[in-house]
Amino acid sequence: MNEVKKTQRTRVAPSPTGDPHVGTAYQALFDVAWVRQQGGQFVLRIEDTDQNRLVAGSEQQIYDSLRWLGLDPDESPEVGGAYGPYRQSERLDTYRPYVEQLLAAGHAYYCWCSAERLKELRAEQEAAKVSETGYDRLCYHLLLEHGADKVREVRSQLPGFSEMPVVRMLVPEDAPLSFTDLIRGSVNAPFPDDQVILKADGFPTYHLAVVVDDHLMGITTVVRGEEWISSTPKHLLLYRWLGWEPPAFAHMPLLRNTDHSKISKRKNPAARLLWFREQGYLPEALLNFLQLLGYPPVREDSEMATLSEFVAHFDWAKISTVGPVFDTGKLDWLNGAYIRALDDTELAHRIAIYEAERGRPLDEHTVAVLTAAVPIIKERITLLSDALPMIDYLLLPAAELVIADDARAALPENTAQIVSAAVAALETLTDWNPSAIQDALRSALVETLGLKPKVAFNPIRTAIAGRKVSPPLFESMAILGQPECQARLSRLI
RNA sequence: GUCCCUGUCGUCCAGAGGUCUAGGACCCAGCCCUUUCAAGGCUGUAACGGCGGUUCGAAUCCGCUCGGGGAUACCA
């Protein structure tokens, strides 16, 4: 009863090696759901221990896309925090003592084997189809035989020697091979190889860094992809050796391409987190979509749910253990639904921002037309990028409006008669609004000329919009204004 | 090869031995509404990988099999 509940801290730890991955957002969402429900902190740590794969600008894109999604970290390299630095490349001095400690305790050893030797070793093992793969502990055996003082010298006489050694874990027979996972329950994992924990360039590998950082940063729940299950024994071992309590683990299912392989940017453009913003998706729609992957809808009546509803209902046990195929079909529907749910003014604003982000800031006239047209396009667009192309005909003067070939071809023989009647009927119209326009045209074309509505209005639409399909006709005419409409109609006489 | 994870409509999820002739959402098709296109409403197509076993009874439990995925790096 008087037990103090530990503050939950979880983290997302992307590697800045290119455009942020959609998987980062997926994990961040579940991280945030858990931590917000528990009143804890969401930490962003940059795992940049692989100096060869760093991509300039990537880190900034990670911050930007998380912010766009509304998943801002409570602590990060950008905003700081009490457990910094949050960039692993700035923590090299932090890791070193632990490596020394493990070395001194005999849990780790130096290895001078070159990349070439390791490669050959692996090839041999593969060819021999042996079940026991991994490092052969050559350097460890030499250490036992010759002692710490001599081992380097002895090793240097043998082939496959590399000047700068790495440090490897000495994995014992009783390494922990099973653990409890928040999502999967009891999980088994393979017996680990003598994993390198400190590379020749002085950087730690992920395995060491993640354990040291998670412990030092007070991380209580580790949320990461399923691909890490097989490495978990290594991490558990490090926790044991260092005398630390391991965090809880939640291994998320892996998102997959439509061919069911692990999601990749090559096979699936949507694997790039930035893609969604570029395409004109709403962040709230993406979040909702991600939430639905591997997780049942939080409401019974609808699959649409806000982030706070998700947070309120969140439960690790409800996450599926099967990797969902990342098929954005439902996202398109969700995006349309979110667009329709937006206030007109807000939608116009979002479209303007979107266009500006794409390098096409809107001028005053365009903003005015867009604002007026939002009511007639909002239920017709699925992406923010659909808006402007849909109202292109509203933005051009009559002389520049191009009439599409198929629309022109579909014009009936009596087009001139219909259009003339329309011009005449509209000439005297004083009240220029959609229903007045409709009444005037109906009376002149449908009632007086006896035309079917379809026959009567198609040519008018072609004259006004230049195409066979367009947003509602009378509303369009109202936006365009009387002189402009008359000019457009006159072109067809 | 070895180890680990995993298998319900095309896709995302419900289903935790009988209420399942398996339910919802997206997609697709048809109908309605309608001046076009949408949106909306209604209807429909479509799945428990296979084989054994346990049981009065299995999508649900067990075994085998087949399939999918991941790991097996001085990448994360």
Side-chain angles (χ1 to χ4, degrees), chain A residues 13-15 17 47-50 52-53 111 113-115 118-119 122 125-134 162 164-168 177 181 184 187-193 195-201 203-207 209-210 224-232 251 253-254 256 258-262 289 292-297 300-304 318 320-334 336-337 340 376-382 390 407 438 441-442 445-446 451-458 460-462 465 467-474:
Chain A
S15 174
T17 53
E47 310 218 305
D48 54 352
T49 54
D50 186 348
N52 301 317
R53 301 205 310 165
C111 172
C113 290
S114 66
L118 264 15
K119 201 176 159 190
R122 217 170 299 132
Q125 290 171 341
E126 216 163 294
K129 300 210 168 169
V130 292
S131 56
E132 297 282 314
T133 57
S162 175
M164 289 301 295
V166 300
V167 175
R168 286 182 182 275
L177 300 184
D181 186 273
R184 294 152 202 274
V187 177
N188 297 309
F191 188 85
D193 186 15
Q195 179 64 50
V196 170
I197 53 173
L198 190 69
K199 302 189 262 190
D201 64 2
F203 277 72
T205 57
Y206 170 84
H207 306 287
V210 77
R224 60 184 8 172
E226 186 185 349
E227 76 264 36
W228 293 110
I229 287 178
S230 48
S231 299
T232 305
H251 288 96
L254 249 28
R256 316 212 235 155
T258 32
D259 67 0
H260 289 200
S261 56
K262 181 178 176 179
F289 178 64
L292 256 12
L293 292 176
Y295 199 86
E300 278 192 7
D301 58 331
S302 168
E303 297 203 350
M304 288 176 77
K318 284 187 184 165
S320 153
T321 52
V322 189
V325 169
F326 195 67
D327 182 341
T328 53
K330 191 177 280 191
L331 173 60
D332 284 342
W333 165 75
L334 270 173
R340 271 169 255 134
I376 60 171
I377 63 168
K378 76 188 292 189
E379 63 193 23
R380 273 161 251 270
I381 60 176
T382 66
M390 194 171 281
Q438 169 155 219
L441 290 177
R442 261 187 197 285
L445 306 178
V446 179
L451 298 169
K452 284 193 186 323
K454 199 171 184 171
V455 178
F457 297 125
N458 279 351
I460 308 296
R461 181 183 304 281
T462 296
R467 39 186 159 91
K468 293 166 77 174
V469 172
S470 80
L473 182 57
F474 309 118

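Keep in mind that what you see is a predicted model, and the values were worked out from it rather than measured. Proteins come first, then strands; the chains are lettered A, B, ... in the order of their sequence lines, and each starts at number 1.
- Taking a pair to require two hydrogen-bonding distances under 3.5 Å in either a Watson-Crick or a G-U wobble arrangement, C28(B) pairs with G44(B).
- Residue Phe203(A) is classed as having no contact, given no heavy-atom separation below 4.0 Å to the nucleic acid.
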Tabulate protein N/O versus nucleotide N/O from nucleotides 12-15 of chain B, keeping only pairs under 3.5 Å, one per line.
residue: C12(B); atom: OP1; partner: Val325(A); partner atom: N; Å: 2.6
residue: C12(B); atom: O2'; partner: Leu292(A); partner atom: O; Å: 2.7
residue: C12(B); atom: O2; partner: Lys330(A); partner atom: NZ; Å: 3.0
residue: C13(B); atom: OP1; partner: Gly294(A); partner atom: N; Å: 2.1
residue: C13(B); atom: O5'; partner: Gly294(A); partner atom: N; Å: 3.3

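- His251(A) places a side-chain heavy atom less than 4.5 Å from the side chain of Arg224(A).
- If you take CG of Asp259(A) and C1' of G67(B), they are 15 Å apart, rounded to a whole angstrom.
- When distances are taken from the side chain of Ser470(A) to each of U72(B), G70(B), U36(B), the shortest belongs to U36(B).
- Checking G67(B) for Watson-Crick or G-U wobble geometry (two distances, each under 3.5 Å) identifies U6(B) as its partner.
- Among the heavy atoms of the strands lying under 4.0 Å from Pro472(A) is at least one base atom, whether or not backbone atoms are also near.
- In terms of phosphate contacts, Arg467(A) brings no side-chain nitrogen or oxygen within less than 4.0 Å of OP1 or OP2 of U36(B).
- Nucleotide C20(B) has no partner under the Watson-Crick or G-U criteria, as no pair reaches both atom distances under 3.5 Å.
- Across all strands shown, nothing is found opposite A14(B) as a Watson-Crick or G-U wobble partner with both distances under 3.5 Å.
- Contact annotation: Lys119(A) side-chain N/O to C74(B) OP1/OP2 distance is not under 4.0 Å.
- In terms of phosphate contacts, Arg122(A) brings no side-chain nitrogen or oxygen within less than 4.0 Å of OP1 or OP2 of U72(B).
- Spacing between atom CG of Leu198(A) and atom P of C74(B) amounts to 13 Å, rounded to whole angstrom units.
- Where Phe191(A) and Thr321(A) each meet RNA chain B at their nearest nucleotide, the meeting point lying more 5' is that of Phe191(A).
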